[in-house]
Amino acid sequence: MDFVNIQLNDKIATLTLSNPSKLNALSKGLVDELIQALQICSENKIIVVLLKAKENKNNVWSAGHDIHELPEGRRDPLSFFDAIEVLLHEVQGFSGPVIAVVRGSVWGAACDLIMTCDMVFADNTSSFAITPAKIGIPYNVTGIMHFINRVGLNRAKEMFFTANPVDAETAEDWGIINHLFPKDELDDKVFEIAKQICQNSPLAVGVIKEQFHYLSETCVSMPPVLFERISGLRRKVYDSHDYLEGIRAFKEKRKPTYLGE
Ligand code: LCV
């Protein structure tokens, strides 16, 4: 694989993002390889998957969706069948725990990926930012639910509306991270936790994970008309000046000028 390194160690697999020139941005190539890697893990009856990222000089775990691959207007890049959303479904559907091991900063859809993992362990160089508002993107309901479920309504709003990174200590306090470990102990501590999980019944662990998934996805039922309204609102944003402006400003390395239209 070009962008994902796979290591199988008995019943534990380690998948490492490796796209250094783009700060491990979730390009379609990298995401497709992650999906393929999870399928290889299933075929090898892996019980626990550790998700890591190759370190880089910028200390970025992942810079999120590859902005150069975002459509310029008129198309939702985060709809149900888009690669990143398929990856999130695959993580949720994997038969055992998928555990994120984080050093450095996590951005945008990579933050949603982290929120979709079953557990997150990190060191104190980690930070977590969800950035759609910064580049004019309205996000999607399942992604927003991941954040509400993890950190609660007010904190999720703070993360989305400010697009500011949440530092490691706050992330642990808010429940984004299960535990903070010292940088030089992180890998060993997490591997011990993975081995502990492997001592337990993989069938039970798998079914318990699936129950967590369904229960965490339940929410107050939303009348169909509201689903339609939300998809219409998202369409309006994707057709807007501001959506184009956000992406072009990033590419031109300048601050965006939003008009609210
Ligand atoms: C492609 C990149 C990227 C990148 N794509 O280094 O969640 S949503 O809805 O927003 C979703 C759509 C999403 O995930 O959108 C992407 C959200 N990600 C971000 O907003 C992070 C954007 N990147 C940054 O803010 C900075 O690059 C960080 C803070 C990550 C690192 O800053 P630093 O100064 O260390 P550079 O900005 O110089 O980036 C190094 C190279 O990586 C590219 C960037 O264009 C640059 O390439 P060049 O050297 O060719 O100019 N890069 C960074 N992020 N998401 N490419």
Side-chain angles (χ1 to χ4, degrees), residues 2-3 17-32 34 51 53-88 91 100 102-117 122 125-148 150-151 156-168 176 230-231 233-238 240 242-256 258:
D2 300 321
F3 303 113
L17 311 186
S18 177
N19 190 0
S21 66
K22 287 200 167 183
L23 304 183
N24 301 324
L26 299 177
S27 62
K28 187 165 183 321
L30 186 150
V31 171
D32 286 346
L34 264 181
L51 186 60
K54 192 169 169 60
E55 295 186 57
N56 47 58
K57 63 178 174 32
N58 308 63
N59 200 27
V60 173
W61 192 85
S62 171
H65 196 298
D66 186 331
I67 295 177
H68 298 283
E69 292 183 358
L70 284 173
E72 290 219 350
R74 303 198 181 291
R75 208 175 81 63
D76 176 352
L78 300 171
S79 67
F80 189 82
F81 297 108
D82 283 305
I84 279 188
E85 294 303 310
V86 172
L87 172 62
L88 299 186
V91 168
V102 181
R103 291 183 171 85
S105 57
V106 183
W107 301 84
C111 198
D112 198 352
L113 172 60
I114 293 288
M115 293 290 193
T116 305
C117 287
T125 68
S126 62
S127 67
F128 304 85
I130 183 64
T131 49
K134 192 167 80 176
I135 41 181
I137 287 184
Y139 222 63
N140 60 29
V141 283
T142 49
I144 290 169
M145 270 312 289
H146 296 152
F147 284 79
I148 294 173
R150 190 62 71 89
V151 301
K157 286 179 183 177
E158 181 180 338
M159 289 185 77
F160 273 92
F161 295 153
T162 65
N164 284 337
V166 173
D167 65 32
I176 295 172
I230 285 177
S231 69
L233 288 171
R234 284 168 58 185
R235 179 62 193 265
K236 272 176 76 174
V237 174
Y238 290 122
S240 71
D242 282 2
Y243 172 71
L244 261 181
E245 168 61 11
I247 294 172
R248 287 184 178 160
F250 175 82
K251 290 178 178 175
E252 294 160 13
K253 298 186 184 295
R254 60 176 172 78
K255 273 179 77 65
Y258 290 127

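Atoms within a ligand are numbered from 1 in the order they appear, just like the ligands themselves.
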Distance to 0.1 Å, residue and atom name: give those for the protein heavy atom nearest to [atom].
{"atom": "atom 23 (N) of ligand 1", "value": "Phe250 CE1, 3.8 Å"}
{"atom": "atom 29 (C) of ligand 1", "value": "Trp107 CZ2, 3.5 Å"}
{"atom": "atom 56 (N) of ligand 1", "value": "His68 CD2, 3.7 Å"}
{"atom": "atom 41 (C) of ligand 1", "value": "Ser21 O, 4.2 Å"}
{"atom": "atom 39 (O) of ligand 1", "value": "Leu23 CD1, 3.7 Å"}
{"atom": "atom 12 (C) of ligand 1", "value": "Ile137 CD1, 3.5 Å"}

Between the side chain of [X] and the main-chain N/O of [Y], is any donor-acceptor distance below 3.5 Å?
{"X": "Thr125", "Y": "Gly104", "value": "yes"}
{"X": "Arg103", "Y": "Trp61", "value": "no"}
{"X": "Asp66", "Y": "Leu26", "value": "no"}
{"X": "Tyr258", "Y": "Lys134", "value": "yes"}
{"X": "Asp82", "Y": "Ile84", "value": "no"}
{"X": "Asn24", "Y": "Ala53", "value": "no"}

Note: Ile135, heavy atoms under 4.0 Å from ligand 1, region reported as side chain
Residue portion contacting ligand 1 (non-hydrogen atoms closer than 4.0 Å) for Asp66: both
How long is the span from the [atom1] atom in [X] to the [atom2] atom in [Y], to the nearest 0.5 Å?
{"X": "Ile148", "Y": "Met159", "atom1": "CD1", "atom2": "CE", "result": "12.5 Å"}
{"X": "Ile247", "Y": "Glu72", "atom1": "CD1", "atom2": "CD", "result": "6.0 Å"}
{"X": "Ile130", "Y": "Trp107", "atom1": "CD1", "atom2": "CH2", "result": "11.5 Å"}
{"X": "Asn19", "Y": "Leu30", "atom1": "CG", "atom2": "CG", "result": "5.5 Å"}

Considering Lys134, His65, Lys253, Lys251, which one's heavy-atom position lies nearest to atom 13 (C) of ligand 1? His65
Which of the atoms of ligand 1 are close to [X], meaning less than 4.0 Å from one of its heavy atoms?
{"X": "Asn58", "value": "6 (O), 33 (P), 35 (O)"}
{"X": "Gly64", "value": "14 (O)"}
{"X": "Thr131", "value": "7 (O), 10 (O), 17 (C), 18 (N), 20 (O)"}
{"X": "Ala109", "value": "7 (O), 13 (C), 14 (O)"}
{"X": "Ala63", "value": "3 (C), 16 (C), 17 (C), 18 (N), 19 (C), 21 (C), 54 (N), 55 (N)"}

Would you check the N or O atoms of Tyr139, main chain and side chain alike, for any that come under 3.5 Å of an N or O of ligand 1? no
Backbone or side chain, does any N or O of Ile67 fall under 3.5 Å from an N or O of ligand 1? yes
Give the minimum heavy-atom separation between Ser62 and Ala25, together with the two atoms involved. OG-CA, 4.2 Å
Got a protein heavy atom sitting under 4.0 Å from [atom]?
{"atom": "atom 18 (N) of ligand 1", "value": "yes"}
{"atom": "atom 50 (O) of ligand 1", "value": "no"}
{"atom": "atom 43 (C) of ligand 1", "value": "no"}
{"atom": "atom 26 (C) of ligand 1", "value": "no"}
{"atom": "atom 35 (O) of ligand 1", "value": "yes"}
{"atom": "atom 32 (O) of ligand 1", "value": "no"}
{"atom": "atom 10 (O) of ligand 1", "value": "yes"}
{"atom": "atom 6 (O) of ligand 1", "value": "yes"}

Residue Lys54 excluded, over 12 heavy atoms near NZ under 6.0 Å: no
For Asp167 and Phe128: C-alpha separation, side-chain torsions, deciding distance, then whether side-chain contact (heavy atoms from CB on, under 4.5 Å) applies. CA-CA 7 Å; Asp167 65 32; Phe128 304 85; over 6 Å; no
Check Glu69 with Lys22, please: is the shortest side-chain N to carboxylate O separation under 4.0 Å? no
